[in-house]
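The structure under discussion appears below in the form of structure tokens.
FYI, side chains are in, hydrogens and waters are out, and symmetry mates aren't considered; it's all heavy atoms of this structure.
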Protein chains: 2
Amino acid sequence: MDEVDRRLLVQLQEDATRSYAELGRAVGLSAASAHDRVRKLRERGVIRRTTVEVDPAAVGRGVAAYVMIDAGAWMGDPPTRDALLAIPAIQEAHVVAGASSLLVKVRTATTEELQATLRGIYAIAGVSGTQTVVVLETFFERPIDLG
Amino acid sequence: MDEVDRRLLVQLQEDATRSYAELGRAVGLSAASAHDRVRKLRERGVIRRTTVEVDPAAVGRGVAAYVMIDAGAWMGDPPTRDALLAIPAIQEAHVVAGASSLLVKVRTATTEELQATLRGIYAIAGVSGTQTVVVLETFFERPIDLG
DNA sequence: ACTGAAAATATAGCCTC
DNA sequence: GAGGCTATATTTTCAGT
């Protein structure tokens, strides 16, 4: 993970369709060497995967919300994780420090579906309460800053 | 946006390095037709961009936190957006409904840097308070469910 | 890490339904 | 308008150095 790797990651976060020739040019390497670097970044797990960012509204997932989950007991264990994974509308789940125990990000088509998702969350063992923050507008979402 | 498009998006969200031949096979189309569909999805903005997911810890951004920002006045306007954009550690920013006005996701190397970021947030016009939720462990982060 | 060649893939033009 | 076929241009990938 030297400066060259970091610059390759910046390029790929911006646009992962760039050719290795182009990547090499951007960081001062041949296409083959750039390719080699990127391959190693993948192998080491620094690059977890290559994916496409989809417009949520365009695929009927226009409602986003963050749900903070309160618990009577510790919920930071695999059974909780699996229970959350089983709810498709939950896009992210984190164990957090603070007033609540867990924080999840939910994406649904409608507020009715959001309500159904909350019902599903309450059904998980240990959940004693939730606070929901509905997203009105997303200002921006961007890659990790590697400056 | 028919069923075929949705299946293409599922494939690409999983792994955007898949060849068009492979994509075509997965949805029952020729490589050329699959390519055509994907091109149109990009043109229409359904696919916003192709990117790589980077392991935050591997690039020295191991600390994640959500910050709820309280405001005395309405902060859902472009000047606020620009002020948040100017803080590199802020990865996402949303205007939300609830007790707070804004919710941002922050990624830093250390808790000291998190503190500095909070200082930066307090410096924005209109901010009257914050509540920070520090991520202890991320259970999972996954693509939008297109089922 | 670079060069050069081989294999795989992406892309464009044209045709058909 | 959408899919499919063919041919060409790029790109990836793998030697060897």
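- Put simply, NE2 on B:H35 is 16 Å from P on D:dA2, counting in whole angstrom units.
- Of the charged side-chain nitrogens involved, at least one lies within less than 4.0 Å of a carboxylate oxygen, so that B:R37 and B:D5 count as a salt-bridged pair.
- OP1 or OP2 of D:dG3 lies within a sub-4.0 Å distance of a side-chain N or O belonging to B:R37.
- Contact of the A:F139 side chain with the B:V104 side chain is not registered, since no non-hydrogen atoms from C-beta on lie closer than 4.5 Å.
- Taking atom CZ of A:R39 as the reference point, atom P of D:dT13 lies 10 Å away to the nearest angstrom.
- Distance B:D2 CG to D:dA2 P: 9 Å, rounded to the nearest Å.
- In this model, the phosphate group of D:dA2 is not approached by any side-chain N or O of B:S33 to a distance below 4.0 Å at OP1 or OP2.
- Remark: B:Y20 pairs with B:H35 by the ring-ring contact (aromatic ring centres under 6.0 Å, His included) rule, at least two apart or across chains.
- Stem analysis of DNA chain D (at least three stacked-register Watson-Crick or G-U pairs, each with both distances under 3.5 Å) gives C:1-5 with D:13-17, C:7-17 with D:1-11.
- Nucleotide D:dA2 holds its C1' atom 17 Å from the CE atom of B:M1, rounded to whole Å.
- Distance A:R42 CZ to D:dT13 C1': 14 Å, rounded to the nearest Å.
- Note on A:V133: it does not cluster hydrophobically with A:Y122, by side-chain heavy-atom contacts below 4.5 Å among ILVMFWY residues.
- Here B:R39 pairs with B:E43 in a salt bridge; the nearest charged N to carboxylate O distance falls below 4.0 Å.
- A heavy-atom distance below 4.5 Å is not found between the side chains of A:T110 and A:Q115.
- Look at B:K40 and you won't find any side-chain N or O under 4.0 angstrom from OP1 or OP2 of D:dG1.
- With respect to the salt-bridge test (charged N to carboxylate O, under 4.0 angstrom), the residues A:E92 and B:K105 qualify.
- Atom-to-atom, CZ of B:R18 to C1' of D:dT12 comes out at 18 Å; the value is rounded to the nearest Å.
- When the side chains of ILVMFWY residues are joined at heavy-atom separations under 4.5 Å, either directly or via intervening members, B:L85 and B:L103 end up in two distinct hydrophobic clusters.
- Think of the region where chain A sits on DNA chain C: with heavy atoms and a 4.0 Å cut, that region ends 5' and 3' at C:dA1 to C:dT3.
- The interatomic distance linking B:D5 (CG) with D:dG3 (C1') rounds to 13 Å, in whole Å.
- A heavy-atom distance below 4.5 Å is found between the side chains of B:T51 and A:T51.
- To the nearest angstrom, P of D:dA2 lies 16 Å from CD of B:E3.
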